[in-house]
> 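Right, I'll just put the structure down here and ask away after.
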Amino acid sequence: MRWLVGWSSAAAGAAGPGSAGSPGHDGETLHPVGSQLLWGDPDPLWAVGDWRPDEVRVVRADEQNRIAVLGICGASDEDLRRGLFTARGGALRHLTNWPGSYTAVVQVGRRVTVCGDLAGARPVFHTPWAGGTAYATAALPLADLIEANLDFGHLAALLAAPDVPAALRDTTPYEGVRRIPPGHALVLRAGAREIAGYAPVSSLAVSAPPADPDRAVDAVRDALVEAVRTRLAAPRHVPDLDPGPVPGMGPAERRARRGMPVPGIGADLSGGPASATLALLAAGLPGRPGTLLGHGPGERLLAVTFNDLAVGGREAEVQRAGALAADPRLHHVVVTGGAEALPYADLDGPLTDEPGPSLVTAARHRARLAAGSADHFTGHGARQVLDAHPARLADLLMDRRRRHLVRPVAALARADGSVLVTTRVYGAARRLARTPYRAGLEELAERLMRRRFEEPKGAVGASLAALTWAAPGPAARWLTGEALAEVSVLLGVEADRSGTGALRPGEHRARAALARYAADLRVLEQSAEVRSQRLHAPFLDNQVVRACRELPEALRVRPGARAEILRTVLESTGITDLPPGWGTPSHASSAAAARAGLRLSADPLLDLFSRPLLADAGLVDGGVIRTALRAVASGGSAVEGLADLVSLELWLHRLLSRRGTCWTGTPARSRAVPAGIQRRRDALASGA
């Protein structure tokens, strides 16, 4: 886990407890454990964790004007210097325009600016501390610093309405630690904080001028190519040296057994269009992907495919991956997984910064990533940035573009086999287009209060359920009445504050879904982390997200739009030999693997919920969850929401069992949730 942390003090030159060089508790200096100081008092900044040398860059104009960029950034030192001078006037957007995935911190005098990203994959957190403000790109270090307790209101909202920003607000699992929204920056002036947005917001009153589809797709291509090229241009890194031979094992087997990636660059190759696009782009662009330190004859890009032997249904995707890997520039490795790689099968893992549903599948992903490269491309995020959320149909109606609804609605009608689908979907889209944001929040609050969670089944049912401003999460049905009531009251308060300044419903739902996905991907990266490996998700880069947001809605809503866009991207870069069935959606659901994993791991899960911490927090009834787990183990199919509950319970156990802290020099080695979970009747009052 890698993060940066710093603070802005209220007074310059005051050697208070927030000073980088001031003594802490018992004569120890107060600083993060395992950190490197990037600059010092009065507003210090540290980088913490196993950062590579090229991932941390600091450019100084003088001692009071400097910029730090942490991560993969395509800007040269001269670009950073120009960006620093431009930022002196208060401009922010240009700091987020460089290719790559990074966090930029600018200090101009006593003003410190920390930029988050558009997707939410590289968040920024802050908390009041020592008369000023402490900030970090991880929430746990700040929670340790202030000895924060759990925010039960946030945990309840995380289960009841995880895709509703009004429910989550800017809170975190730790009381007093806040996050800045995606597309915003944290600006600190002598300890005082301000949240400033740098992403433009579309108007509700005036529709955007129609974009040219060809130019929009070309912009996506340019952004993707530049994102891949930036990573290819970075120095190659060799994982830790192999400590020696093991009888009966070759070098590759030793690396896999010891959890060490292969040197060079690789990519996922699942058979889907997103991972295949990145693998083919990385293999086809100049830069010799597998070459170490830019020298040598060049090697083929390592393409990794996961073949699930326990649950079938993806045979066609694996075959397409094999056909794509016939490219001589790719070296194909197939990783097989049986029952031991099912979700819930292996629940051991590290403590992550925040909870997320991907905790139950971390071992499944780790099995694939252990066979990958030191720099590994993944197609994560492509669906969220390229596909059309069903609520975008309401956006088209608001812009009086009804004819563009014909193709998506007809596709749903064919899938359902009923001509009545057209009327139902059009009616739901029309109703959403005429519903104010405030009314949408009030409707969700009413549903939670009255426990109305019934949703239609199938593709049509999912689309109809998504044609709302806000919807309950899959785990909401398992919450106690008190928890649902508290979230309902919170939504009512947010509805009163909302006014009419929200985005269009489709754009609002799409951005919320992207933020939620990016947050869970961050959890996945931390829980499935392989030592010395870096996962790259170019679809979540700022420039790629911006380019994808410019795609016309009429293009997005077409059936198979994502595959066609990526096909065009590859064809325009000279890659035309794609296998039959390219982009065909898989009919195998991950729910089948989840059901199989739940049945296999029923006994360990029942032990986990024998005395659940979630019940101590007042969020669930342990007996109800145990009954649901037994029902699934006996052949039941109702698994929706159980991943959220299990992952949150796991995360709470790991958080409360930790012994260390992120800081040295704090009294009694301060850490988050020092008193554990306190059973109380009004557990959620503070969060609401």
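Note: hydrogens, waters and symmetry copies are ignored here, and every other heavy atom, side chains too, is used.
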> Using a strict cut-off of less than 4.0 Å between a Lys/Arg side-chain nitrogen and an Asp/Glu carboxylate oxygen, indicate whether Glu525 and Arg522 qualify as a salt bridge.
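A salt bridge is absent here (no side-chain N lies under 4.0 Å from a carboxylate O).
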> So, for Ala483 and Gly618, which heavy atoms are closest and what is the spacing to 0.1 Å?
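Looking at all heavy atoms of both residues, the shortest contact is CB-O, 4.2 Å.
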> Is there a side-chain contact between Phe152 and Ile677 in this structure, where contact means two heavy atoms from C-beta onward sitting under 4.5 Å apart?
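They are in side-chain contact.
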> Would a 4.5 Å heavy-atom cut-off, applied to side chains only, mark Phe453 and Glu640 as touching?
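Side-chain contact under 4.5 Å: no.
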> Under a 4.5 Å cut-off applied to non-hydrogen side-chain atoms, are Asp496 and Arg438 in contact?
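Side-chain contact under 4.5 Å: yes.
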> Report the residues that fulfil salt bridge (Lys or Arg N to Asp or Glu O under 4.0 Å) with Glu340, sequence neighbours left out, ordered by chain and then residue number.
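By the salt bridge (Lys or Arg N to Asp or Glu O under 4.0 Å) rule, Glu340 matches no residue at all.
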> Test Tyr135 against every option in Ile180, Val5, Val112, Thr127 by the side-chain contact (heavy atoms from CB on, under 4.5 Å) rule and name the one that passes.
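Result: among Ile180, Val5, Val112, Thr127, Val112 is the only option passing the side-chain contact (heavy atoms from CB on, under 4.5 Å) with Tyr135.
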> Is there a donor-acceptor pair closer than 3.5 Å between any side-chain N or O of Arg671 and the backbone N or O of Gly660?
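Side chain of Arg671 to backbone of Gly660, a donor-acceptor pair under 3.5 Å: no, none is there.
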> So which heavy atom on Pro538 is nearest to which on Phe377, and how close?
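Between these two residues, the closest heavy atoms are CG-CD2, 3.7 Å.
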> Do Arg52 side-chain atoms and Asp50 backbone N/O form a donor-acceptor pair below 3.5 Å?
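No, because the side chain of Arg52 does not come within donor-acceptor range (under 3.5 Å) of the backbone of Asp50.
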> Taking all non-hydrogen atoms of both residues into account, name the closest pair between Ala68 and Leu38 and its distance.
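Where Ala68 meets Leu38 most closely, the heavy atoms are CB-CD1, 4.3 Å.
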> Ignoring hydrogens and geometry, is there a side-chain-to-backbone donor-acceptor pair from Trp651 to Thr352 under 3.5 Å?
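Such a contact is found between Trp651 side chain and Thr352 backbone.
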> Check Arg366 against Ser527 and note the closest heavy-atom contact, atom names and distance.
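Taking Arg366 first and Ser527 second, the nearest heavy atoms are NH2-O, 2.6 Å.
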> Look up atom OG in Ser9 and atom CH2 in Trp129, then write down how far apart they are to the nearest 0.5 Å.
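One gets 10.0 Å once the value is rounded to the nearest 0.5 Å.
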> Output the distance between atom CG (Leu441) and atom OG (Ser488), rounded to the nearest 0.5 Å.
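Those atoms lie 11.0 Å apart.
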> Using a 4.5 Å cut-off on heavy atoms from C-beta on, say whether the side chain of Thr468 contacts that of Leu444.
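Sidechains of Thr468 and Leu444: no contact.
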> Are Leu118 and Arg549 packed together at the side-chain level, in the sense that at least one heavy-atom pair is separated by less than 4.5 angstrom?
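Yes, side chains in contact.
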> Starting at OH of Tyr102, measure out to SG of Cys73 and round the result to the nearest 0.5 Å.
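One gets 5.0 Å once the value is rounded to the nearest 0.5 Å.
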> I'd like to check Glu194 versus Arg111 (side-chain heavy atoms, cut-off strictly below 4.5 Å). Are they in contact?
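No; the side chains remain at least 4.5 Å from each other.
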> Would you confirm whether Arg451, through its side chain, and Arg477, through its main-chain N or O, come within 3.5 Å as a donor-acceptor pair?
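Here the side-chain-to-backbone pair exists.
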> For Glu529 and Met1, indicate whether the former's side chain and the latter's backbone hold a donor-acceptor pair under 3.5 Å.
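Side chain of Glu529 to backbone of Met1: a pair is present.
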> Please assess Leu140 against Leu655 for the test side-chain contact (heavy atoms from CB on, under 4.5 Å), listing each intermediate value before the final yes or no.
CA-CA 10 Å; Leu140 182 58; Leu655 177 66; 4.1 Å; yes
> In terms of heavy-atom contacts, does CZ of Arg383 have more than 12 from other residues, nucleotides or ligands at under 6.0 Å?
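Counting neighbours around CZ of Arg383, 12 or fewer heavy atoms of other residues, nucleotides or ligands fall under 6.0 Å, so no.
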> After noting the C-alpha distance and the side-chain angles of Leu540 and Leu514, does the key distance pass the side-chain contact (heavy atoms from CB on, under 4.5 Å) rule?
CA-CA 9 Å; Leu540 297 181; Leu514 174 60; 3.7 Å; yes
> Would you mind reporting whether Pro612 and Arg626 have side-chain heavy atoms less than 4.5 Å apart?
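They are in side-chain contact.
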> Check Asp348 against Arg654 and note the closest heavy-atom contact, atom names and distance.
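In terms of heavy atoms, the two residues are closest at C-NH2, 3.7 Å.
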> Using modelled atom types and a 3.5 Å cut-off, is there a donor and acceptor pairing between side-chain atoms of Asp644 and backbone atoms of Gly356?
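No; judged by distance alone, with no hydrogens or angles, the pair does not exist.
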> Give a yes-or-no answer on whether the side chains of Tyr517 and His380 include a donor-acceptor pair shorter than 3.5 Å.
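Yes.
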> Can you list everything that forms a ring pair (Phe, Tyr, Trp, His ring centres under 6.0 Å) with Trp3? Sequence neighbours excluded, please.
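For Trp3 there are no ring pair (Phe, Tyr, Trp, His ring centres under 6.0 Å) partners, ignoring immediate neighbours.
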> Between Asp151 (side chain only) and Tyr174 (backbone N and O only), is there a donor and an acceptor less than 3.5 Å apart?
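Side chain of Asp151 to backbone of Tyr174, a donor-acceptor pair under 3.5 Å: no, none is there.
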> Are Glu446 and Glu442 close enough that some pair of their side-chain heavy atoms sits under 4.5 Å apart?
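Answer no - side chains too far apart.
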> What distance do Arg179 atom CZ and Leu186 atom CG have between them, rounded to the nearest 0.5 Å?
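CG of Leu186 is found 13.5 Å from CZ of Arg179.
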> Could you pull out all residues at least two apart from Arg178 that satisfy salt bridge (Lys or Arg N to Asp or Glu O under 4.0 Å)?
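For Arg178, the residues satisfying salt bridge (Lys or Arg N to Asp or Glu O under 4.0 Å) (neighbours in sequence not counted) are Asp170.
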> Does one side chain, of Thr96 or Arg546, offer a donor that lies under 3.5 Å from an acceptor on the other?
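Distance-only check passes for Thr96 and Arg546.
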> What distance separates Leu479 CG from Leu645 CG, expressed to the nearest 0.5 Å?
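Answer for the CG-CG pair, Leu479 versus Leu645, is 7.0 Å.
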> Quick one: closest heavy-atom pair of Pro674 and Glu147, and the distance?
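It is CD-O, 3.9 Å.
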> At what distance, to the nearest 0.5 angstrom, does CZ of Arg534 lie from CD1 of Ile72?
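Answer for the CZ-CD1 pair, Arg534 versus Ile72, is 8.0 Å.
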> Applying side-chain contact (heavy atoms from CB on, under 4.5 Å) to Asp144 and Arg658, what does each step give before you reach the verdict?
CA-CA 12 Å; Asp144 280 349; Arg658 70 189 286 247; 2.8 Å; yes
> Between Thr137 and Pro123 (side chain of the first, backbone of the second, donor and acceptor by atom type, cut-off under 3.5 Å), is there such a pair?
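It does not hold such a pair.
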> Under 3.5 Å, side chain of Arg447 to main-chain N/O of Arg452, donor-acceptor pair present?
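Side chain of Arg447 to backbone of Arg452, a donor-acceptor pair under 3.5 Å: yes, one is there.
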> May I have the step-by-step check of side-chain contact (heavy atoms from CB on, under 4.5 Å) for Phe306 and Arg364, ending in yes or no?
CA-CA 9 Å; Phe306 181 76; Arg364 185 177 180 87; 4.0 Å; yes
> If only atom types and distance count, is the side chain of Thr133 paired as donor or acceptor with the main-chain N or O of Arg193 below 3.5 Å?
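Such a contact is absent between Thr133 side chain and Arg193 backbone.
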